[in-house]
Amino acid sequence: MGETTKKYWLMKSEPDEFSIADLKTKKRERWSGVRNYVARNYMMRDMQIGDLVLFYHSNAKPSGVAGLARISALAIPDETAWDRKSGYFDAKSTPDKPRWYCVEVEYVDTFKKFTSLEEIKNTPKLKDMALLRYSRLSVQPVTTQEFQLICKMSGLAKPPKEARPVT
DNA sequence: GCCAACGTTGGC
DNA sequence: GCCAACGTTGGC
């Protein structure tokens with residue numbers, strides 16, 4: 001990965017907790033609660049404002065890609081880590097020495113056609129997606145080809161080619 | 001609810 | 001540094 005500038009991502013959320021509809025209502029949301037170093041590092045080191053995100057519903061019936069979001073703020077310390085009342089509390093992370101970080105994402109679109117995990121599995125061109133190879137990783141890079149194809153499968157006539165923040 | 005796959009922890 | 005035990009993710 002290294003110096004490669006990534007533009008496309010997939011981020012998982014359990015729709016019972018936070019769905020694409022919730023993001024649409026709230027417009028923007030901090031992606032807090034990630035407690036995996038690989039996922040954190042993608043957010044901390046590689047995400048840029050304007051990067052586009054496939055919003056994936058995990059642990060759902062069915063699971064799959066539900067819509068599109070965009071990175072609207074760079075990673076900052078995840079405050080839920082030092083909130084004892086939070087389900088994401090982690091005593092090893094403090095305001096002085098934060099261990100966990102989160103970006104902010106903003107709503108872009110809800111796909112007209114939900115693209116299920118099963119469809120992704122049945123699409124040969126998508127067989128190398130991190131989604132299938134590292135099934136437990138909740139924040140992961142997506143190639144341009146994969147991104148464009150999933151947008152197409154999801155009924156988005158013109159997938160945004162360029163990542164552009166709204167003002 | 002089950003469980004495979006994987007990440008983390010801690011004893012040694 | 002190894003690895004067993006344990007915890008979590010997420011599909012089914």
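Just so you know, these numbers come straight off a predicted model, no measurement behind them. Chain letters run A, B, ... following the sequence lines, proteins first, then strands; residues in each count from 1.
- Listed by chain and residue number, A:D90, A:R99 satisfy the side-chain contact (heavy atoms from CB on, under 4.5 Å) test with A:K92 (two or more places apart in sequence, or in another chain).
- In this view, A:Q145 satisfies the side chain to side chain donor-acceptor pair (under 3.5 Å) rule with no residue, not counting sequence neighbours.
- Residues satisfying the ring pair (Phe, Tyr, Trp, His ring centres under 6.0 Å) criterion with A:Y56, sequence neighbours excluded, are absent altogether.
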Contact string for nucleotides 6-12 of chain C, one letter per nucleotide 5' to 3', B = base within protein heavy-atom range under 4.0 Å, S = sugar-phosphate only, - = neither, reads -BBBBBS
Which pairs of donor and acceptor atoms, one on a side chain in residues 121-132 of chain A, lie under 3.5 Å apart (sequence neighbours left out)?
{"from": "A:N122", "atom 1": "ND2", "to": "A:E118", "atom 2": "O", "distance (Å)": "3.3"}
{"from": "A:T123", "atom 1": "OG1", "to": "A:E119", "atom 2": "O", "distance (Å)": "2.7"}
{"from": "A:D128", "atom 1": "OD1", "to": "A:R133", "atom 2": "NH1", "distance (Å)": "3.3"}

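- Residue A:Y134 is classed as having no contact, given no heavy-atom separation below 4.0 Å to the nucleic acid.
- Judged as a ring pair (Phe, Tyr, Trp, His ring centres under 6.0 Å), and not counting sequence neighbours, the contacts of A:Y37 are A:W100.
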